[in-house]
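Contents: one structure, followed by commentary.
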Amino acid sequence: MRALKFLIPLAAFGVLAWFLYSGLSLNPREVPSPLIGKPAPAFSLVRLDDPEKTVRREDLLGKPWIMNVWASWCAPCREEHPVVIDLARRGGVPVVGLNYKDRPGDARNWLSRLGDPYVMTLVDFDGKVGIDFGVYGVPETFVVDAQGIIRYKHVGILTPAIVSQRIEPLLRKLGG
Amino acid sequence: MRPRWCDAFRAGAAPIARRPVLMPAAGQLAALLAALLLTALTALPALWPQAHAQTPGTAAPGSAHDPELEARVLKLSAQFRCLVCQNQTIADSNADLAVDLRNQVRDMLVKGDSPQQITDYMTARYGDFVLYRPPVRSTTALLWYGPAALLVLGLVVLLVIIRRRNRLPAERFEPDPDA
């Protein structure tokens, strides 16, 4: 009974310390997406290189693909761009760009200057498709499987570590 | 490496925090005069409504004329967290995304959607995180009922201590100095 008197505050302190400690490694910026495991939202967008051509969600079914949300006004996108180029080169799956709330002219310039890793870039001029995908911080990257289900989402800059530890193993599992 | 963020979505100018400033006594009168002058200046346009330029931009065209609708948009927007500036609601925030989401709320209200439908729209895209008032679930039970449980626990402990002391013989206490 006497020991309990000391043990209870000690235990309470332990619990509190554990909560506080685990809070240190949480990133409050990382919002869990409710869209993982759900079908990618429907969209119908024109291509950046050919505004006459419209691409819909159904057109991309059949094999896994990666969607990279970017904009020419987004400085971190520029930083991540070499990683996207590398991913497109060896990933073996099509990387589709979603040009988010950008001027198409600026976007085309950006791609011709920095290289275009995308099989196609779709123009989300007013950001509505971005909202449907739950985009809140460009750049964002999604992995969509052959059935059109979103399997993975990364918010922020893609790094070689994320590509090799998260995206490539997932793609191997999906048989991309 | 920690992810970096896109200029907070090119967020509009952050509101400048109004901090109380300690001033020497001599400066206080001047500051008071300045404040009075400022108040008069900002009040002036209200006297001449024609001169008061309307700020363009954030509202969808044609909608700013309906104050009742705007009030509903603001009331509903105040329930959703801005994903970019996470401690602001999308009613408060000037981030691009918050403006877009406000416009989305307005469009849906105009279309005749109910607040529940709008809430469903938001949570389908951004999860429960977007709700400023978290729903009661098994994962949020501690959040909702924890304080009440702590209060009850405290009362129980208090009761136990009082009853235990009640049963103690009088000589265990210090004598009352007044007695």
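Convention: sequence-line order gives letters A, B, ...; per-chain numbering from 1.
Tyr145(B) OH: 12 or fewer foreign heavy atoms inside a 6.0 Å radius. With a 6.0 Å radius and a threshold of 12 heavy atoms from other residues, nucleotides or ligands, Glu68(B) has its CD atom at or below the threshold. Within 6.0 Å of the CZ atom in Arg166(A), the count of heavy atoms belonging to other residues, nucleotides or ligands does not exceed 12. By the neighbour-count criterion of 12 heavy atoms within 6.0 Å, atom OH of Tyr21(A) is sparsely surrounded, having that number or fewer from other residues, nucleotides or ligands. Residue Arg164(B) qualifies as open at atom CZ: its count of foreign heavy atoms under 6.0 Å is 12 or below. Residue Arg72(B) places its CZ atom among 12 or fewer non-hydrogen atoms of other residues, nucleotides or ligands, all under 6.0 Å distant.
Both the backbone and the side chain of Tyr126(B) come within contact range of chain A, judged by heavy atoms closer than 4.5 Å. Of the two parts of Lys38(A), neither the backbone nor the side chain holds a non-hydrogen atom closer than 4.5 Å to a non-hydrogen atom of chain B.
Separation of atoms OH (Tyr136(A)) and CZ (Arg81(B)) is listed at 12.0 Å; rounding is to 0.5 Å.
Salt-bridge annotation for Asp100(B) and Lys128(A): absent, with no side-chain N of the basic residue lying under 4.0 Å from a carboxylate O of the acidic one.
Leu35(A) and Arg125(B) make their closest contact through CD1-O, 4.1 Å (heavy atoms, listed as atom of the first residue, atom of the second, distance). The minimum heavy-atom distance linking Pro34(A) with Ala124(B) is given by the pair CG-O, 3.5 Å.
Side-chain contact between Val135(A) and Leu83(B) is absent, with no heavy atoms from C-beta onward closer than 4.5 Å.
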- prompt: Given Tyr121(B) and Ile131(A), is the side chain to side chain contact (heavy atoms under 4.5 Å, CB included) satisfied, shown in steps?
  reply: CA-CA 10 Å; Tyr121(B) 174 94; Ile131(A) 290 178; 3.5 Å; yes
